[in-house]
Amino acid sequence: MLSRDLLRERPDEVKARLAGRGVDLELVDRWTTLDAERRSILVEAEALKQQRNEASKRIGEKKRTGADATEEIAAVGALKERIERHDARLGEIDASLQELELKLPNLPDDDVPAGVDESSNRVERVVGTPRAFEFEPRTHWDLGTALGILDFERAAKLAGARFAVYRGAAARLERALAAFMLDLHTVEHGYTELIPPYLTNEASLLASGQLPKFESDLFRLADSPYWLVPTSEVPLVNMHRGEILDETALPLRYTAFTPCFRSEAGSYGRDVRGLIRLHQFQKVELVQITTQETSEAALEEITRHAATVLERLELPYRVVTLSRGDTGFHSAKTHDLEVWLPSQSAYREISSCSNCRDFQARRGDVRYRPAGGGKPKLAHTLNGSGLAVGRTLVAVLENYQQADGSVVVPGPLRPYMGGLERIGPG
RNA sequence: GGAGGGGUGGCUGAGUGGUCUAAGGCAGCGGUCUUGAAAACCGCCGGCCCCGUAAGGGGCUCGUGGGUUCGACUCCCACCCCCUCCGCCA
């Protein structure tokens with residue numbers, strides 16, 4: 001959500017900054033109209049309530065002293081109806097205002113590139129050099145199927161399209177990658193590891209921004225108030241929903257390795273083969289809750305934390321800053337990490353690191369008491385994949401493949417693989 | 001799934017229709033005292049919204065949402081959450 005003060009005082013600036021983000025700017029004008037009505041009615045309602053409260057106090061005094069209060073009670077009865085009318089209208093207006101507010105995306109930072117899609121993303125840096133292959137590199141699904149470690153046909157039997165069965169070395173590699181990432185982030189980067197619920201409620205999804213606009217991207221459990229988490233960002237940023245934290249406790253750094261479930265509605269025809277786009281995948285997530293002053297630096301930090309995984313694994317990647325149009329609904333600024341995939345001769349997203357500033361904190365009422373005292377301030381929240389484990393497995397298979405179809409295990413993962421140096425057939 | 005108990009401010013905890021403008025305690029902040037600290041004493045001390053340049057004023061807030069009433073922390077209804085016991089279960 002955006003600040004009401006900002007919407008009220010500088011609606012034109014809001015509209016200018018929202019342009020190109022795929023929002024109907026009419027929403028802002030409707031908000032302005034309703035807000036004006038709300039305030040005029042609120043002022044009247046509160047004056048009426050003041051009258052009622054004073055009258056009730058007088059009645060109470062009379063009753064206590066044994067005097068007759070019938071006249072006073074009759075007089076205050078007229079107020080009651082007017083107050084009810086005002087409150088009813090206020091209720092309607094508040095609901096409409098909130099509905100509008102929940103649909104407005106975050107404002108992009110000033111240094112976010114203009115543009116409506118990924119073609120305007122800005123490449124910040126390119127790290128590592130794609131390996132020169134002396135043979136035609138195979139896709140990970142070819143490799144994995146031939147090695148007998150990925151089974152898409154049986155996954156289709158068990159569930160359907162966009163699922164995979166990991167078998168043997170692939171399953172262990174996934175587990176090794178997750179353990180490697182978690183160790184890095186907890187031991188070296190100072191994150192606290194959590195195992196959150198994989199089901200979540202509507203209030204949490206509303207606060208982190210998946211609802212109400214992106215319901216169709218989610219899986220919802222029938223006859224239940226629960227949804228499957230599309231990312232552990234949801235539980236992690238909701239950890240302190242409705243709380244007032246001490247500034248001295250910030251930044252909070254949380255990491256979690258969880259499954260993620262996405263309906264992928266509307267992605268028909270994209271990445272239909274392999275592990276890139278599944279209904280269920282696993283991810284190590286990084287979340288930080290910071291002060292307002294430190295979130296910009298925290299975005300760079302979280303991006304570096306995620307990138308360290310790729311560097312340790314010696315996977316070539318690049319960092320891009322998403323354009324306005326490509327930046328997600330709740331983000332003010334997003335850095336994507338894109339890993340090199342030899343079979344596609346392209347960099348593909350493997351991590352997305354976002355500074356949501358106070359957007360989620362306002363929705364979820366996450367605040368902190370400034371160290372010097374004073375009013376609570378909205379926290380800033382950041383999230384990043386550190387990394388998408390399934391896609392990292394893809395990158396390892398493809399970048400470390402050998403001419404004979406085997407795959408060399410990157411050094412840092414070998415301790416997690418029982419010393420295994422190479423994944424071969426059988 | 002069945003039965004019972006309970007949700008009050010950062011924490012604890014009183015309160016069963018009218019100074020609740022929520023007692024008391026703890027924690028926190030300021031002060032007195034002290035070489036300093038502790039103790040003691042005094043004062044301050046929730047959040048949100050609205051009007052106002054400000055000083056200040058008003059409204060809302062005792063799990064959430066409805067209801068009864070001139071008036072609800074208090075009574076009624078629904079829901080959520082927590083605890084105990086039984087059942088089931090990893």
**Q** So, OP1 or OP2 of G18(B): does either fall under 4.0 Å of a side-chain N or O from Arg58(A)?
**A** no
**Q** Closest-nucleotide mapping onto RNA chain B: is Gly60(A) or Ile73(A) further toward the 5' terminus? I mean the 5' end.
**A**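 The 5'-side residue here is Gly60(A).
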**Q** If we call it a pair only when both distances are under 3.5 Å in a Watson-Crick or G-U wobble match, what pairs with C62(B)?
**A**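 In the structure as shown, C62(B) has no Watson-Crick or wobble partner.
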**Q** Which label fits U61(B), syn or anti, where anti is any glycosidic angle not within 90° of 0?
**A**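 Base orientation: syn.
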**Q** Within the distance-only criterion (no hydrogens, no angle test), does the side chain of Asp24(A) pair as donor or acceptor with the backbone N or O of Glu26(A) below 3.5 angstrom?
**A**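 Answer holds: yes.
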**Q** Sticking with atom P, work out how far G71(B) lies from A14(B), rounded to a whole angstrom.
**A** 30 Å
**Q** At 4.0 Å (heavy atoms only), tell me whether Arg362(A) reaches a base, stays on the sugar-phosphate, or touches nothing.
**A**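 Answer is nothing: Arg362(A) stays at 4.0 Å or more from every strand.
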**Q** Taking any strand in view, what nucleotide pairs with G43(B) in a Watson-Crick or G-U wobble way, both distances under 3.5 Å?
**A** C29(B)
**Q** How far does the P atom of A72(B) sit from the matching atom of C86(B), given to the nearest Å?
**A**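 Each nucleotide's P atom is 42 Å from the other's.
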**Q** Which is true for Ile59(A) with a 4.0 Å heavy-atom rule: it touches a base, it touches only sugar-phosphate, or it touches nothing?
**A**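 Base: the residue Ile59(A), judged by heavy atoms under 4.0 Å, touches a nucleobase.
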**Q** Might you work through the salt bridge (charged side-chain N to carboxylate O under 4.0 Å, His left out) test for Arg162(A) and Glu264(A), ending with a clear yes or no?
**A** CA-CA 9 Å; Arg162(A) 292 204 186 284; Glu264(A) 295 298 342; 5.7 Å; no
**Q** With both distances kept under 3.5 Å, what pairs with A3(B), Watson-Crick or G-U wobble?
**A** U84(B)
**Q** Considering only atom P, compute the distance from A23(B) to C62(B) and round it to an integer number of Å.
**A** 15 Å
**Q** In the structure shown, which nucleotide is the Watson-Crick or G-U wobble counterpart of C75(B), with both distances under 3.5 Å?
**A** G67(B)
**Q** Rounded to whole angstroms, how far apart are CZ on Arg4(A) and P on C50(B)?
**A**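 Those two atoms, CZ and P, are 7 Å apart.
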**Q** Name the closest nucleotide to the Val43(A) side chain, picking from G47(B), C70(B), C51(B).
**A** C51(B)
**Q** Using atom P of each nucleotide, how far apart are G57(B) and G46(B) to the nearest Å?
**A**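 The answer is 15 Å between these two P atoms.
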**Q** Has Arg52(A) got a side-chain N or O lying under 4.0 Å from the OP1 or OP2 atom of C60(B)?
**A** yes
**Q** Take atom P in G1(B) and the same atom in C11(B), then report the distance between them in whole Å.
**A**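 Their P atoms lie roughly 30 Å apart.
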**Q** Just N and O in the side chain of Arg38(A): are any of them under 4.0 Å from OP1 or OP2 of C50(B)?
**A**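 True: Arg38(A) side-chain N/O within range (under 4.0 Å) of C50(B) OP1/OP2.
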**Q** Hey, does Asn53(A) reach any base, or is it just sugar-phosphate, or nothing, if we go heavy atoms under 4.0 Å?
**A**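 Sugar-phosphate, no base atom in range.
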**Q** Hey, is the side chain of Arg369(A) poking within less than 4.0 Å of OP1 or OP2 on G47(B), counting only N and O atoms?
**A**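 Answer is yes, contact under 4.0 Å.
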**Q** Mind checking the C1' distance from U64(B) to G6(B)? Whole angstroms is fine.
**A** 16 Å
**Q** Rounded to the nearest angstrom, tell me the gap between atom CG in Asn201(A) and atom P in C79(B).
**A**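 Nearest whole value for this atom pair: 18 Å.
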**Q** Considering heavy-atom distances to RNA chain B, does Glu84(A) or Arg367(A) have its closest nucleotide positioned more toward the 5' end?
**A**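 This one resolves to Arg367(A).
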**Q** Using a strict 4.0 Å threshold on nitrogen-to-oxygen distance, state whether Asp365(A) and Arg367(A) make a salt bridge.
**A** yes
